[in-house]
Structure formats: C-alpha cells, structure tokens
Amino acid sequence: MRVELLATGDEILSGAVTDTNSPYLLERLFTLGLRVQRTTLVGDVRGDIEDALVSAAARADVVVVSGGLGPTADDLTVECVARVLGVRVVEDAGVLAALQERMSKGVVRTANNLRQALVPEGAEVVKNPVGSAPMLVATRGHCTFFVLPGVPREFRQLVDGEVVPRLQARLNAEPGRLFHAARLLKTVGMPESHLDAAVAPITQRFPEVIFGFRALAPECHLKLLATAPSQVEADERLARVESECRAALGSAVFGHDGDTLASVVGGLLSARGHTVTLAESCTGGRGADLLCEVPGASRYFLGSAVSYANALKEEWVGVKADTLARVGAVSAEVAAEMAEGARARTGATWGASVTGIAGPGGGSDEKPVGTVFFGLSGPAGVRTEKRFFHGDRERIRQSSAYTLLDGVRRALLGEKS
Ligand code: ATP
Ligand code: MG
C-alpha cells in the first residue's frame, strides 16, 4: 500500500508553526509496517492544494491530508477536494445539526462556522470527537483521501481512532499480509553514533528487522520493527532483537515506548518508597521541572533549591563558605555539599545536585564552558561526578538536567558511578 501525506497551511510554510502532524502520523504508520513514500507541504493556495492532491492521488493508494477544514476564508481544503473529485460541495445535515447544537451551547458562535457543514458530495463524513470539523473520506480512482483537521489534538484523535484502524483493516485484507511488532527503546547519555555502533552487529543478524535511530539530545531512541508471516513470529522476533539490543546497550536504556526519564525515575522512587530533593545551579530548576511533568510527583519529589548565589548555596543547602572560597562554586566539593545539604535538611532518601558553567561566558582554561559537576547523597554516602557537555547554553542546561535525573536512576538501580 502506497501512502503519502499532504500538510496544508500558510503558517507552516512561513515557519510560524512547525508541522507536528506529519511526524505523529509517520510514527503511527511505522508501527503498522507502512512506509510513507512522500510528504508534501503546501500553503493555503487553491491551485497548490489541488495540484498536490491530483499528483499524490496519481501515485498513492492512500493520501492523508491535514488542515484547512476550519470555517475561515483561508480554509480551502473541502472545496479543493471537491474540485479534484469533480463533485459539488453540499451541506451535510448531520454536521449541520452538530454545529447548531454546539452553537446553542455557546461552544461555537459565529455564522461562518456553518461553513464547516459543507462537504464534497459523496464523501464519507466521520465525526470529530474533539472538534467541529469532521474527517472526510473520499476516493479518486484507486486512491482514498483521508482529510483531517489541522489542529493537532483533533488530528491525533482522528488518526488513532479512525485512520490507523482503517488502514490496519485494509492491510489485514491484503493477500500474503505480513505482521508487525514494534518497540521503541530510549537511551540517555549515549550519542547516536555510539548507539548505532553498539547495535550494528545485531542489525546484521536480523536483516528482516528495521532499525530506526532518532537523536533527541540528550536522549537517543532506537525503533525496532519486526515483520513476519504471523503475529506470533513477529512478536518472537521482536523479543529476541529487543533483548539483544538491551544487552548491548546496558543501563543506557532507561525505558521504552511511552516512558520518560522522569516517569522512570518516579516509578523507581515510588516502588521503593524513597524521596528525592534537588539542589540546582546552572539548570535553573529544570531537573525539578522534568520531575514535575509526571502526575503525582509530589509523592516522591520533595523540592529543589535553585541556588545560584553563593549565599543561597550556604543558607539553603548548607554549603560551607570555606569550601566556596577554596575551590569555587563549580567543583566536586560544592556539588557534594549541595547534595548532602539537600538530603539532610529535608530528610529525603536522596539528595542530588548539579553545579556547572552553562555559558556562553564564565568559562576558564581550568573549567571551560560545559563543565558540570553532579553530587548524589544517599543511604550509602555521597559521590560526585564531573562531566563535560558540548553545545550552547540551552543544550548544556538540558544535558545537565537529564544527567542529574539519570544519576538518581542509576543509583536506584544500584549502579556504582
Ligand atoms: P481550524 O478549525 O482551527 O481552522 P483547520 O482544520 O482549518 O482547523 P488549520 O486552519 O489548517 O486547520 O490549522 C489550525 C491550527 O492548527 C493552525 O493554526 C496550527 O496552529 C495548527 N496546525 C495546523 N496544521 C498543523 C500541523 N501540520 N502541525 C502542527 N500544527 C498544525
Ligand atoms: Mg483553519
């Protein structure tokens, strides 16, 4: 099955909005074992949308279109699809009734919203569970168009609820169909080239498994897609490849699929009934921010002392003035005292600290920009680690926050640093 995507919108072409719909759909299609042949991006221009629809339909069996279903004058997709199909635009009674219902509740107010009841004649109209513009399904020759609203929340719900199941059903009906099993392994602190090199021998032994690498610094992800003539074989093949990859990558793998580093750290802390307090310099509290992305983080996360000034390092987490004067704030000794102070003053199981030079200024020959020290205080004592990160200020802060959390994860797994 040949699949193409078509994303529309001036705001995407002008760079004001990043196209997140296409990557979302590509990810979903990957797990169905479908490789998309082409994605096209066009502005809100009738001729361009129509050209793109006609040429995609000539090549593909399925074209998923996103955007331009709204009520405003720049929403042209419905009329373009109708023209390309050679049909009229007609009012759909069901959509109209739903819109009137929403208007009566004050969800949508203006009369031009009623434009959204217009659909290409003969198209299937699929209810949008989270918005007013429906999804439209129409065919031109051998090609099926799935036309979806551009608003990411609506797009995603319709992809998951409608597009993926329909494509899956089509794949199931194909003669000699293949079965797929997919896994996303997530690593932290491992550059893409290292990840690639570590699994290279495995890729050679499993030619029928697709390996996909994605760098999302400081994370790096490895996607595995196993294909086989039956689901049982695909699952077995995936399980073998996954366990070999996990063995090759060791504790660099922090989680899989929907896991985040913070959710994994939170899960480990919760399972043990442990708590953590942070002391952060140079990350601006990003470690705390990451932890708090997880609902219920307050069960194990006590707080973070975002302490930049030396005076606050002394006052809040008990760093000694003498240590600061002797070795400076960016040092292993201060990292250790921050971690111990954070733990001791709050009664947490773990105290974790970070202090470093995020740049662009403030570096020296001895401690260049990117030098970061970490401290971790726990039941077995305190330890420190010195790391050096490349990149700009943002990158260094991000790497530092992830490494801070990853240190807690590794300690919880009983690893020595
Ligand atoms: P609306 O009813 O809001 O007009 P629509 O179906 O007409 O919905 P668009 O007008 O194309 O969709 O886009 C609505 C908003 O959704 C855009 O302003 C943009 O913020 C977001 N959006 C559209 N397409 C994408 C995309 N491909 N990726 C991410 N965001 C998008
Ligand atoms: Mg719109």
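Reckoned from all heavy atoms, side chains included, excluding hydrogens, waters and symmetry mates. These numbers come from a predicted model, not from an experiment. Remember, it's 1-based here, ligands and their atoms both numbered in the order they're listed.
Among all heavy-atom pairs drawn from Leu269 and Trp350, the shortest one is CD2-CD1, 3.9 Å.
In Leu69, the parts holding a heavy atom less than 4.0 Å from any atom of ligand 1 are both the side chain and the backbone. The proximity of Asp75 to ligand 1, defined as any non-hydrogen pair under 4.0 Å, is limited to the side chain. Proximity of Ser66 to ligand 1, defined as any heavy-atom pair under 4.0 Å, is confined to the side chain (atoms from C-beta onward). Neither the backbone nor the side chain of Glu154 comes within 4.0 Å of ligand 1, counting heavy atoms alone.
The closest approach between any non-hydrogen atom of Ser132 and ligand 1 is not below 4.0 Å. Residue contact annotation: Thr20 has a non-hydrogen atom under 4.0 Å from ligand 1. Look at Ala133 and you'll find every heavy atom at least 4.0 Å from all atoms of ligand 1.
Listed by number with element, the atoms of ligand 1 under 4.0 Å from a non-hydrogen atom of Ile12 are 24 (N), 25 (C), 26 (C), 27 (N). Close approach of ligand 1 to Pro152 (heavy-atom distance below 4.0 Å) involves ligand atoms 16 (O), 21 (C), 29 (C), 30 (N). Every atom of ligand 1 is numbered from 1 in the order shown, and the set under 4.0 Å from a heavy atom of Pro71 is 2 (O). Every atom of ligand 1 with a heavy atom of Gly150 under 4.0 Å away is listed here by number and element: 5 (P), 6 (O), 12 (O), 16 (O), 21 (C), 22 (N), 23 (C), 24 (N), 25 (C), 31 (C). Residue Thr18 has at least one heavy-atom neighbour below 4.0 Å for each of these atoms of ligand 1: 28 (N), 29 (C).
Formation of a donor-acceptor pair under 3.5 Å by the Arg345 side chain with backbone atoms of Trp316 is found in this model. A donor-acceptor pair under 3.5 Å links the side-chain atoms of Ser331 to the main chain of Gly328, judged by distance alone.
The shortest N or O to N or O distance between Pro149 and ligand 1 is not below 3.5 Å. By the 3.5 Å distance cut-off applied to N or O atoms, Gly67 is not counted among the residues near ligand 1. Polar contact with ligand 1: absent for Thr8 (N/O pair, distance under 3.5 Å).
Atom OG1 in Thr403 sits 4.5 Å away from atom CZ in Arg387 (nearest 0.5 Å). Interatomic distance, CG of Leu5 versus CG of Leu25, reported as 5.0 Å (0.5 Å rounding).
In this structure, a donor-acceptor pair under 3.5 Å is present between the side chains of Thr260 and Ser263.
Residues Arg286 and Glu280 are not paired through a salt bridge, judged by the lack of any N-O separation under 4.0 Å between the basic side chain and the carboxylate. Remark: Glu385 does not engage Arg410 in a salt bridge, criterion side-chain N to carboxylate O under 4.0 Å.
Remark: Lys223 qualifies as a cation-pi partner of Phe30 under the 6.0 Å distance and 45° angle criteria applied to the six-membered ring.
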Please assess Ser230 against Glu233 for the test side-chain hydrogen bond (donor to acceptor under 3.5 Å, both in side chains), listing each intermediate value before the final yes or no. CA-CA 5 Å; Ser230 75; Glu233 287 168 275; 2.8 Å; yes

